[in-house]
Amino acid sequence: MTPLAARLAALRQALPPATRLLAVSKGQPAAAIREAVAAGQRSFGESRLQEAVAKQAELVDLEPLDWHFIGRLQANKARGVLRAFTTIHGLDSLPLAQRLARIAAEERCSPVVFCQVKLRPDPAKTGFDPQELREHWSALRQLEPLRLQGLMTIAPLGLSTAAQRQLFADCAALAADLGVPELSMGMSADWREAAAAGSTWVRIGSALFGPRPGS
Ligand SMILES: *Cc1c(COP(=O)(O)O)cnc(C)c1O
């Protein structure tokens with residue numbers, strides 16, 4: 001077993017049954033993805049469109065993989081993202097959602113989307129304020145052909161474990177209140193707390209692949 005396969009197996013074993021693993025392969029070469037696929041991983045997260053498309057081209061000989069976009073979605077990249085990804089984790093505004101829905105209809109695809117929510121002040125991160133999300137929710141839900149299935153959040157750096165737990169519990173409560181089943185929360189540093197709070201997708205990069213080359 002390769003070290004990557006061993007880390008994958010250990011993570012899978014540690015995750016509760018309802019929590020799926022998104023292997024965040026941004027910054028990693030296609031060869032690392034190939035190795036993860038050989039070890040049974042199918043779902044990968046990328047945050048830059050161009051980088052993802054280049055790696056997808058290198059991996060066309062593999063069975064179809066499940067690609068999730070986890071980066072900041074720029075309006076002018078929406079069409080490219082819709083062509084390259086099945087799932088979008090970071091929808092952060094109503095105008096962007098409206099644009100995405102219009103282009104998805106043109107492209108005849110119905111992506112799964114997660115609204116990103118910012119539950120604590122964090123200048124480094126984007127996302128709906130919870131109140132704003134509630135206000136826009138009925139408009140967002142009606143945006144066919146998008147399949148709005150969940151919320152996504154990123155914990156600010158430097159929170160205590162207890163504060164991380166509270167943040168993830170708040171996100172789970174908001175999703176339950178809004179009636180969406182999926183929760184994209186938890187990264188290398190905090191996936192345990194997120195999984196314990198009911199995350200359905202943990203997004204794990206460095207704890208799986210090791211440090212990103214060049215970072
Ligand atoms: C990079 C990234 C991750 C993975 O980060 P790690 O700390 O390497 O696990 C998860 N989610 C998002 C949105 C990211 O940009």
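Just so it is clear, the structure is predicted and the values come from calculations on it, not from any experiment. Order of listing sets the numbers, starting from 1, for every ligand and every atom in it.
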Quiz item: Do any N or O atoms from the side chain of K26 and from the backbone of R212 form a donor-acceptor pair under 3.5 angstrom?
Solution: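 No: the side chain of K26 does not pair with the backbone of R212.
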Non-neighbouring partners of [X] that pass side-chain contact (heavy atoms from CB on, under 4.5 Å), sequence neighbours left out:
X: Q116; result: T126, M152, I154
X: S43; result: L22, Q41, D66, H68, W201
X: A139; result: L94

Quiz item: Around ligand 1, what residues show up once you keep those with a heavy atom under 4.0 Å from it?
Solution: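 The 4.0 Å shell around ligand 1 contains V24, K26, I70, M152, I154, M187, S188, R203, I204, G205, S206, R212.
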Self-check item: Closest non-hydrogen atom pair between S25 and E46, with its separation
Solution: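 Shortest heavy-atom separation between S25 and E46 comes out as OG-OE2, 2.7 Å.
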Practice problem: Describe, in one word, how the ring planes of F44 and W67 are oriented to each other, choosing from parallel (under 30°), tilted (30 to 60°) and perpendicular (over 60°). | Solution: tilted
